[in-house]
Visitor: 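I have a structure here, written as structure tokens, and I will follow up with some questions on it.
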Protein chains: 2
Amino acid sequence: MDQKVISSAVIKRLPRYHRYLGDLLESGIERISSNELSEKMNVTASQIRQDLNNFGGFGQQGYGYNVEYLYHEIAKILGIDRENSMIIIGGGHFGQTLANYSKFEQRGFVTKAIFDVSPERIGESVRGIMTYSMDELESWLAENPVEIAVLTIPKQAAQEVADRLVACGVKAIWNFAHLDLKVPKGVVVENVHLSESLMQLSYRIAAKKEK
Amino acid sequence: MDQKVISSAVIKRLPRYHRYLGDLLESGIERISSNELSEKMNVTASQIRQDLNNFGGFGQQGYGYNVEYLYHEIAKILGIDRENSMIIIGGGHFGQTLANYSKFEQRGFVTKAIFDVSPERIGESVRGIMTYSMDELESWLAENPVEIAVLTIPKQAAQEVADRLVACGVKAIWNFAHLDLKVPKGVVVENVHLSESLMQLSYRIAAKKEK
DNA sequence: TGATTTTTTTGAAAAAACTAACAAAAAAAG
DNA sequence: CTTTTTTTGTTAGTTTTTTCAAAAAAATCA
């Protein structure tokens, strides 16, 4: 029923609000006004208020926002107030690094398994997370449905694997492969293209030199 | 002299154009019109033409764009037509993974050294890239200036290290630490906040369920 | 209680991003 | 060599996003 579409510009800012509120929470600050927060975060107070009001009124006139409450409300909006289970496809350096990264777990993103094609990796485990053969993908997922599949495989294999994941009912892909995946409507893909990020940095270096 | 400021929305799209042109080049296609490209990339032809025209007229009426020429021109704009040297600060899993990733090298991003605080890592090497002590950072950089420093350290240490890097003349930081770095004007920072990316994915999963 | 603070909410203005349209140039066709 | 077609470069128009302003409401604080 909550049919209003929130612009992606707003969504992108939410995790940052959440982070700052987490920092405030840690330093024991109980309340904050949009004005104070705007100074810390270097955005306008108006934008903070408007962003938050997309989801409801979390503040109180004359008081501001309760840090802990707002922190948890944003977590709810972001869907990180519950467990999100993940599998990692691709047990190479990158996949293992992500499996190793315990910060994700603290946010509720729990990696359940790693899948890989190469026989020597199968059976290995990282922090207790087992590596299975890609052949077992379908049967494993049938028994253990997950929210998110993380793709850390070469782009040549990525589309085919994505198709298999979608066929197994996976509805969200965190894609590190350097291509644009084609998925049916209803499946969400979030891309992390590191080389593109690096190129943007490079552009800004180059652009500065020209001046 | 080239004082026109290009919007970051345009910059973000350039690497993607470059990638598609690279694919076309590999499949031996010599020319392409903005219309054909727009179909492949799922953007409007108008946007492609306008984006490119920010940097000059690379096409020809009645012909379209020469794939190879445009590919190299975009590379020039992005500053990836030359070597960009990097150091990685933080020799943990993530730092090592990035050092291992040879794709960056193919694009001209060459990692020269890794720096770390923990004694057991110092002296280790990844693909011939040596790990040095953080104590050696200043002296090493004095001898070997680099374009880009990659920060893959915990956020607690990140600002202090960034300050040291800036003091050594580093002008660009690729930041994986989960905080907003404060740097003087003239230093560029490109953030990769993986947990924020994951949260955006999580939001989209949660938002879909509500319908 | 009454003055003050600060959000909520609305509306409008300004800026940014995107799309559509078209003249001009080149290529292709006849 | 002329005409038609293609397709860019560029301008104008539209939509989206952001910023700004201000009234109303609610809570705080003295």
Side-chain angles (χ1 to χ4, degrees), chain A residues 2-17 20-21 24 29-74 77 196 200 203-204 207, chain B residues 2-17 20-21 24 29-74 77 200 203 207:
Chain A
D2 208 76
Q3 284 297 28
K4 184 173 48 170
V5 175
I6 312 291
S7 88
S8 72
V10 176
I11 310 304
K12 280 207 191 84
R13 285 190 292 266
L14 286 181
R16 188 152 174 267
Y17 293 136
Y20 272 83
L21 288 163
L24 290 169
I29 293 165
E30 274 181 25
R31 57 184 266 192
I32 192 152
S33 71
S34 57
N35 241 305
E36 286 172 273
L37 191 57
S38 84
E39 276 166 35
K40 279 189 202 294
M41 296 189 60
N42 232 27
V43 295
T44 63
S46 185
Q47 186 169 61
I48 293 176
R49 290 198 296 269
Q50 210 164 333
D51 280 351
L52 296 177
N53 260 86
N54 280 303
F55 304 98
F58 302 122
Q60 217 155 34
Q61 290 97 330
Y63 177 90
Y65 298 89
N66 178 284
V67 172
E68 190 173 0
Y69 174 68
L70 186 56
Y71 179 77
H72 289 299
E73 284 301 313
I74 294 179
I77 295 165
E196 298 194 358
Q200 284 169 48
Y203 169 83
R204 292 204 275 152
Chain B
D2 208 73
Q3 284 298 30
K4 184 174 47 168
V5 176
I6 311 290
S7 88
S8 71
V10 175
I11 311 304
K12 278 206 194 87
R13 285 191 292 265
L14 286 181
R16 189 152 174 266
Y17 292 137
Y20 272 83
L21 288 164
L24 289 170
I29 292 166
E30 273 181 26
R31 57 183 268 192
I32 191 153
S33 71
S34 57
N35 239 306
E36 287 173 272
L37 191 57
S38 83
E39 276 165 34
K40 279 188 201 295
M41 296 188 62
N42 231 26
V43 295
T44 63
S46 189
Q47 184 167 63
I48 294 176
R49 292 201 296 271
Q50 207 167 20
D51 281 351
L52 296 177
N53 256 84
N54 280 302
F55 304 98
F58 302 121
Q60 214 156 38
Q61 285 100 328
Y63 176 90
Y65 298 89
N66 178 285
V67 172
E68 189 173 1
Y69 174 69
L70 186 56
Y71 179 77
H72 288 300
E73 284 301 312
I74 293 179
I77 294 166
Q200 283 168 48
Y203 169 83

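No hydrogens, no waters, no symmetry mates; every other heavy atom, side chains included, goes into these values. Letters A, B, ... are given to chains in the order of the sequence lines, protein chains preceding strands, and every chain is numbered from 1.
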Visitor: Whole angstrom is fine here: how far is it from CD in B:Gln61 over to P in D:dG9?
Guide: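 About 6 Å, once rounded to whole Å.
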Visitor: Output the single nucleotide from D:dT8, D:dT18, C:dA27 whose closest atom is nearest the side chain of A:Ser7.
Guide: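 Closest nucleotide among those given: D:dT18.
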Visitor: Whole angstrom is fine here: how far is it from CG in B:Leu52 over to P in C:dC18?
Guide: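 Interatomic distance, CG of B:Leu52 to P of C:dC18: 14 Å.
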Visitor: Output yes when a side-chain donor or acceptor of A:Arg16 lies under 3.5 Å from a complementary backbone atom of A:Met41, and no otherwise.
Guide: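 The answer is yes, because a donor-acceptor pair under 3.5 Å joins these two groups.
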Visitor: By nearest nucleotide on DNA chain C, pick out whichever of A:Ser33 and B:Val43 is the more 5' one.
Guide: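 Its nucleotide being nearer the 5' end, the pick is A:Ser33.
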Visitor: Counting heavy atoms from C-beta on, name the nucleotide in C:dT7, D:dC20, D:dA12 closest to the side chain of B:Gln50.
Guide: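 It is D:dA12.
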Visitor: May I have the distance from A:Asn54 (atom CG) to C:dT8 (atom P), rounded to whole angstrom?
Guide: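 Rounding to the nearest Å, CG of A:Asn54 and P of C:dT8 are 12 Å apart.
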Visitor: Got A:Tyr17 and A:Leu70 here, is their nearest side-chain heavy-atom distance under 4.5 Å?
Guide: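 Side chain of A:Tyr17 against side chain of A:Leu70, heavy atoms only: no contact under 4.5 Å found.
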Visitor: Which one, C:dA17, D:dC20, C:dA26, comes nearest to the side chain of B:Ala9?
Guide: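 Nearest to the side-chain atoms of B:Ala9, counting from C-beta on, is C:dA17.
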Visitor: Considering only side-chain heavy atoms of B:Ser46, which listed nucleotide, D:dT19, C:dA20, C:dA26, is closest?
Guide: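 Looking only at side-chain atoms, B:Ser46 lies closest to C:dA20.
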Visitor: Show your reasoning for whether side chain to side chain contact (heavy atoms under 4.5 Å, CB included) applies to B:Val10 and B:Phe55.
Guide: CA-CA 11 Å; B:Val10 175; B:Phe55 304 98; 4.1 Å; yes
Visitor: Nearest whole angstrom, please: distance from the C1' of D:dT8 to the CG of B:Leu37.
Guide: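 Rounded to the whole Å, the gap is 14 Å.
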Visitor: B:Tyr65 has an atom OH; how far is it from atom P of D:dT8, in whole Å?
Guide: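 Whole-Å distance recorded here is 5 Å.
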Visitor: Give me the one residue out of B:Leu37, B:Leu21, B:Leu52, B:Leu24 that meets side chain to side chain contact (heavy atoms under 4.5 Å, CB included) with B:Tyr65.
Guide: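 Exactly one option meets the side chain to side chain contact (heavy atoms under 4.5 Å, CB included) with B:Tyr65, and it is B:Leu52.
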Visitor: Starting at the 5' end of DNA chain D, which residue's closest nucleotide do you reach first, B:Glu36 or B:Asn53?
Guide: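 On the 5' side of the pair lies B:Glu36.
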Visitor: Tell me the interatomic distance from B:Tyr69, atom OH, to D:dT8, atom P, rounded to whole angstroms.
Guide: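 B:Tyr69 atom OH is separated from D:dT8 atom P by 15 Å.
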Visitor: Which nucleotide, D:dT19, C:dA27, D:dG9, lies nearest any side-chain atom of B:Arg31?
Guide: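 Among D:dT19, C:dA27, D:dG9, the one nearest the side chain of B:Arg31 is C:dA27.
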Visitor: Quickly work out the B:Asn35 CG to D:dG9 P distance and round it to whole Å.
Guide: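 My rounded result for the distance is 14 Å.
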Visitor: I'd like to know if the side chain of A:Gln47 reaches the main chain of A:Thr44, judged simply by a donor and an acceptor atom lying under 3.5 Å from each other, with no hydrogens or angles considered.
Guide: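 Flag not set: sc A:Gln47 to bb A:Thr44 has no pair under 3.5 Å.
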Visitor: Nearest of C:dT19, D:dT19, C:dT7 to any side-chain atom of B:Gln47?
Guide: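 Of the options given, the side chain of B:Gln47 lies nearest C:dT19.
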Visitor: Measure from CG on A:Leu70 to P on C:dT7 and round the result to the nearest Å.
Guide: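 About 11 Å, once rounded to whole Å.
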Visitor: Checking contacts here: which listed nucleotide (D:dT7, C:dT19, C:dA21) is nearest the side-chain heavy atoms of B:Arg49?
Guide: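 Among the listed nucleotides, the one closest to the side chain of B:Arg49 is C:dA21.
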